[in-house]
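Here is the naming used below: chain letters follow the sequence lines, and residue numbers restart at 1 for every chain. Quick note: numbers below take in every heavy atom, side chains included, and nothing from hydrogens, waters or symmetry partners.
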There are 4 protein chains.
Amino acid sequence: MADITIAKDQLRSIVERIEKLEEEKRTIADDIKDVYGEAKANGFDTKVLRQVVRIRRQDKAEVAEQDAIRDLYLNALGMLSGR
Amino acid sequence: MADITIAKDQLRSIVERIEKLEEEKRTIADDIKDVYGEAKANGFDTKVLRQVVRIRRQDKAEVAEQDAIRDLYLNALGMLSGR
Amino acid sequence: MADITIAKDQLRSIVERIEKLEEEKRTIADDIKDVYGEAKANGFDTKVLRQVVRIRRQDKAEVAEQDAIRDLYLNALGMLSGR
Amino acid sequence: MADITIAKDQLRSIVERIEKLEEEKRTIADDIKDVYGEAKANGFDTKVLRQVVRIRRQDKAEVAEQDAIRDLYLNALGMLSGR
DNA sequence: TCGCCTGATAGTTGCC
DNA sequence: GGCAACTATCAGGCGA
């Protein structure tokens with residue numbers, strides 16, 4: 001019975017932590033939505049805005065991916081161990 | 001020209017705020033993942049854990065209604081007796 | 001040089017076969033979407049429909065086991081009586 | 001009762017069509033896996049191969065996205081109606 | 001071979 | 001009410 005109680009408390013703790021974090025995440029998502037709304041109120045085209053944000057994100061990701069590809073190639077050539 | 005400059009600053013501000021918020025959101029998502037990982041390490045079934053979190057999140061009335069419809073469908077398919 | 005040429009042709013063949021298969025896969029995914037759309041037009045609740053399909057897909061024993069674990073968790077959280 | 005029978009048949013038809021399509025999709029996914037396996041057996045680095053396939057896919061998507069952005073900009077400038 | 005982790009896919013939500 | 005963006009879940013591939 002004791003171990004069940006412990007598991008019970010643990011479970012409750014886990015679930016509550018997750019729910020708290022999800023709540024925070026939702027809040028931030030709402031904040032993002034608000035910023036887009038504010039931008040729209042200031043005459044910006046949110047569709048374009050989203051494209052801009054996405055492109056900036058992709059650019060960063062692309063750099064990271066190119067690095068990964070370069071490592072793959074170097075590794076395939078047996079040249080990566082020295083890095 | 002002045003208004004273009006203003007718009008430019010505004011745009012920059014908007015994009016930066018969005019990116020900052022998205023970064024925070026990502027961090028929290030990682031935290032959630034960590035909690036699940038910790039739960040798993042403590043012997044919990046994370047798949048079921050996710051189901052539980054989802055059940056708690058859902059509106060109770062809605063769940064009941066969906067259950068009713070689902071039973072209707074399953075029954076029509078002759079699959080309800082076995083459950 | 002010859003083997004490089006061969007590898008090149010092989011590589012091209014491989015990539016093209018994969019892309020062709022991925023294209024087919026995408027087509028079928030679209031077909032599935034169409035069926036759901038048609039079902040919706042005929043008054044079916046697609047959300048529940050997806051649940052039904054999922055239920056049929058899952059291994060029955062596995063479902064039973066997950067149900068048992070989930071009940072255990074919900075019970076530990078004091079949430080089972082209300083269901 | 002009659003309409004229930006009709007709905008029942010419709011439901012069964014819908015579910016069976018979806019399940020058939022999902023089965024086909026799974027088969028194709030397996031085929032793709034086979035191609036990668038064959039490539040591996042022929043000495044290709046599947047990790048690099050996947051990168052190649054992904055990059056080709058992204059390149060196409062990127063072209064499509066750039067077209068979309070161009071349209072957005074042209075539209076913002078009131079220049080799209082003539083297209 | 002097992003567990004982790006990323007990437008693909010399915011599902012949901014919010015906007016137009 | 002349909003479409004597009006975003007989120008969550010799942011499965012496959014990789015490394016230990």
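- Between A/Arg50 and F/dC6, a side-chain N or O to OP1/OP2 separation shorter than 4.0 Å is present.
- Side-chain atoms of D/Lys33 lie closest to F/dG12 of the nucleotides F/dG12, E/dT12, F/dT9.
- The pair D/Asp9-D/Arg12 fails the salt-bridge criterion, with no side-chain N (NZ, NE, NH1 or NH2) lying under 4.0 Å from an Asp/Glu carboxylate O.
- A straight line from CD of B/Glu62 to C1' of E/dG11 spans 13 Å, rounded to a whole angstrom.
- Atom-to-atom, CG of A/Asp31 to P of E/dG14 comes out at 15 Å; the value is rounded to the nearest Å.
- As rounded to whole Å, 10 Å separates atom P of F/dC14 from atom CG of A/Leu72.
- Between A/Lys25 and F/dA8 there is a side-chain N or O to OP1 or OP2 distance below 4.0 Å.
- When distances are taken from the side chain of C/Lys40 to each of F/dG2, E/dG11, E/dC16, the shortest belongs to F/dG2.
- When each of A/Arg54, A/Lys47, A/Gln51 is paired with D/Ile69, the side chain to side chain contact (heavy atoms under 4.5 Å, CB included) condition holds for A/Gln51 and for no other.
- Nucleotides of DNA chain E nearest to D/Glu22 and A/Asp30 differ in position, and the one nearer the 5' end is that of D/Glu22.
- If you check E/dC16, F/dT9, F/dT7 against the side chain of A/Thr46, the one that comes closest is E/dC16.
- Across all strands shown, C/Arg57 has no heavy atoms under 4.0 Å from either base or sugar-phosphate atoms.
- If you take CD of D/Gln58 and P of E/dG7, they are 10 Å apart, rounded to a whole angstrom.
- Going from atom CG of B/Leu21 over to atom P of F/dT7 covers 12 Å, rounded to whole Å.
- Residue C/Glu65 places its CD atom among 12 or fewer non-hydrogen atoms of other residues, nucleotides or ligands, all under 6.0 Å distant.
- One N or O on the side chain of B/Tyr73 and one on the backbone of C/Asp45 form a donor-acceptor pair closer than 3.5 Å.
- In this structure, CG of D/Asp45 is placed 9 Å from P of F/dG15, rounded to the nearest angstrom.
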